[in-house]
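So the structure is just underneath, and the comments pick up after that.
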Amino acid sequence: MTMQEEALDGTLVAPSPVTRERKPLSRGALVRARLRKMPRFWVGASILVFIVLWAFIGPLLYPYDASQRDFLNVGLGPTQLHWFGTNGIGQDIYAQTLVGLQKSLIIGALAGIGATLIAAAVGSVAGYLGGKIDAVIGWLIHLLLVIPSFFILVLLSPLTRGLSWLALTFFLAAFSWMILAQVVRNQTRSLRNRDFVRAARYMGMPTRQILGRHIIPNIASLLIIDATLGIVAAIMAETSLSYFGFGVQPPDVSLGTLLAAGTSAAVTRPWLFVYPAGVLIVLLLAISLIGDALRDAIDPTSGANRD
């Protein structure tokens, strides 16, 4: 039988798709594939999605708002009418918890992502340019790290009083970027002498484009992890400051102000403290699970065989 006859007979077939050379997966595809196999990522993501939807949709489905007072049910525990009970002036704790959760989520997201952007900009510029600019920025970073950011924010708290919570968000971002900036600075130093960066520099590409196209994309995984964990740190910082009276100020509500208001009655009227505290713990746990999973997906050597 000739070759033509074998081909017509079907005995010669095209190579199986399995035997063809497969294109290697991109880094993003590898990370997504690893995340799909991590139960803690799905647990954290599911809880976080539920909390966000609950915080922003829940108030629309509830008959009371955070400032409304029920003078016939003052200081009562959880009931069918007031799911989380009421405080000493008749305000609904469930409604206040949702409003406080909204505020803490917004402040945490804006401050955490803002701090990451500042760190990326400052650290990459210092590490790439080097010289006097790197020395000055490095000195500034070490100076700011000497004084704990919490104390700086406490000292600056009089400036935020009378202003909106956006002022607190700005200060949280402005004093939370130093450690990551130091890491980005060191990473950029190792990247600036790579062949692809040298080639871009020899071709006359401006510094801004080199940073945007070659430096930042190569440290993007580090920035994503830090932005996620930075949200946790920002929420904790806002809660702590508000708890001690240096953050969100009444009549504004956040989880920190609710915890502060419920601490004195934690034994006699525990619902004033337990529900906001429980929501805060679950929120931080969910975001931490996501950040932990992202870290292990991007760097598999950081936590082998956890799932």
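Scope of the values below: all heavy atoms of this structure, side chains included, with no hydrogens, waters or symmetry mates.
- To the nearest 0.5 Å, atom CG of residue Leu285 and atom CG of residue Leu280 are 11.0 Å apart.
- Checking side-chain atoms of His214 against main-chain N and O of Ile210 turns up no donor-acceptor pair under 3.5 Å.
- The aromatic rings of Tyr275 and Phe84 lie parallel to each other, their planes meeting at an angle below 30°, with 60° marking the opposite boundary.
- Distance check: Leu258 CG to Gln96 CD gives 5.5 Å after rounding to the nearest 0.5 Å.
- Between Leu283 and Leu105 the shortest side-chain heavy-atom distance falls below 4.5 Å.
- Annotation for Met236: atom CE does not count as buried by contact number, only 12 or fewer foreign heavy atoms lying within 6.0 Å.
- In this model, a donor atom of one side chain and an acceptor atom of the other lie less than 3.5 Å apart for Ser104 and Glu238.
- When all heavy atoms of Pro59 and Gln102 are compared, the closest pair comes out as CG-NE2, 3.5 Å.
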### Task
Dump the intermediate steps for side chain to side chain contact (heavy atoms under 4.5 Å, CB included) on Asp226 and Val183, then the final yes or no.
CA-CA 11 Å; Asp226 187 81; Val183 176; over 6 Å; no

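- Under the 4.5 Å side-chain heavy-atom criterion for Ile, Leu, Val, Met, Phe, Trp and Tyr, Phe151 and Phe171 are members of the same hydrophobic cluster.
- Residues Ile224 and Ser221 have side chains not in contact (no heavy-atom distance under 4.5 Å, counting atoms from C-beta outward).
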### Task
Check the pair Asp92 / Arg69 against salt bridge (Lys or Arg N to Asp or Glu O under 4.0 Å), numbers first and verdict last.
CA-CA 7 Å; Asp92 188 273; Arg69 299 183 184 184; over 6 Å; no

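- Pairing each heavy atom of Ile215 with each of Ser124, the nearest pair is CG2-CB, 4.2 Å.
- Using modelled atom types, no side-chain atom of Ser176 and backbone atom of Ala173 make a donor-acceptor pair closer than 3.5 Å.
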### Message
Before you tell me yes or no, could you show the steps for Val282 and Phe50 under side chain to side chain contact (heavy atoms under 4.5 Å, CB included), namely the whole-Å CA-CA distance, both residues' side-chain angles and the distance that decides it to 0.1 Å?
### Response
CA-CA 11 Å; Val282 173; Phe50 171 78; over 6 Å; no

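- Between Leu289 and Val43 the shortest side-chain heavy-atom distance falls below 4.5 Å.
- Looking only at atom types and distance, the side chain of Thr263 has a donor-acceptor partner in the side chain of Tyr243 under 3.5 Å away.
- Checked against the 6.0 Å centroid threshold, Tyr62 and Tyr94 count as a close aromatic pair.
- To the nearest 0.5 angstrom, Ile225 atom CD1 is 13.0 Å from Ile290 atom CD1.
- Proximity of a side-chain donor or acceptor of Trp83 to a complementary backbone N or O of Pro78 within less than 3.5 Å is not detected.
- Listed for the Thr169 side chain is a donor-acceptor partner under 3.5 Å among the backbone atoms of Trp165.
- Residues Leu180 and Leu223 meet the side-chain proximity criterion, which asks for heavy atoms closer than 4.5 Å.
- Distance check, rounded to the nearest 0.5 Å: OG of Ser242 to NZ of Lys103 gives 9.0 Å.
- A heavy-atom distance below 4.5 Å is not found between the side chains of Asp296 and Phe41.
- Side-chain heavy atoms closer than 4.5 Å link hydrophobic residues (I, L, V, M, F, W, Y) into clusters, and following such links, possibly through other members, connects Phe244 to Ile147.
- Minimum interatomic distance between Ile141 and Met178 (heavy atoms only, all atoms of both residues): CG2-O, 3.7 Å.
- Closest heavy-atom contact between Thr97 and Pro276: OG1-CG, 4.0 Å.
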### Query
Would Met205 and Arg213 count as a side chain to side chain contact (heavy atoms under 4.5 Å, CB included) if you check the C-alpha gap in whole Å, the side-chain angles of each, and the deciding distance to 0.1 Å?
CA-CA 10 Å; Met205 184 178 291; Arg213 293 184 183 182; 3.9 Å; yes

### Message
Assess the residue pair Tyr128 and Arg189 against the criterion (side chain to side chain contact (heavy atoms under 4.5 Å, CB included)); give the C-alpha distance rounded to whole Å, side-chain angles, the decisive distance to 0.1 Å, and a yes or no.
### Response
CA-CA 6 Å; Tyr128 180 76; Arg189 283 175 175 174; over 6 Å; no

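- The structure places CG of Leu166 at 8.0 Å from CD1 of Ile107, a figure rounded to the nearest 0.5 Å.
- By the rule that hydrophobic residues join a cluster once side-chain heavy atoms approach within less than 4.5 Å of another member, Ile51 and Leu255 end up as members of one cluster.
- Electrostatic pairing of Asp134 and Arg185 counts as a salt bridge here, judged by a charged N lying under 4.0 Å from a carboxylate O.
- Leu191 approaches Val197 most closely through the heavy-atom pair O-CG2, 3.3 Å.
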### Message
Working note: Gln91 + Gln68, criterion side-chain hydrogen bond (donor to acceptor under 3.5 Å, both in side chains); need CA distance, chi angles, decisive distance, verdict.
### Response
CA-CA 6 Å; Gln91 292 175 324; Gln68 185 177 353; over 6 Å; no

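- For the atom pair CG of Leu76 and CD1 of Ile93, the computed distance is 11.5 Å after rounding to the nearest 0.5 Å.
- When side chains are defined from C-beta on, Trp177 does not count as touching Thr116, because their heavy atoms never get closer than 4.5 Å.
- Ile113 and Ile179 are members of different hydrophobic clusters when ILVMFWY side chains are connected at heavy-atom separations under 4.5 Å.
- Both Phe150 and Val248 sit in one connected hydrophobic cluster of ILVMFWY residues. Membership requires side-chain heavy atoms under 4.5 Å apart, directly or through other members.
- The shortest non-hydrogen separation linking Ala265 to Leu272 is CB-CD1, 3.9 Å.
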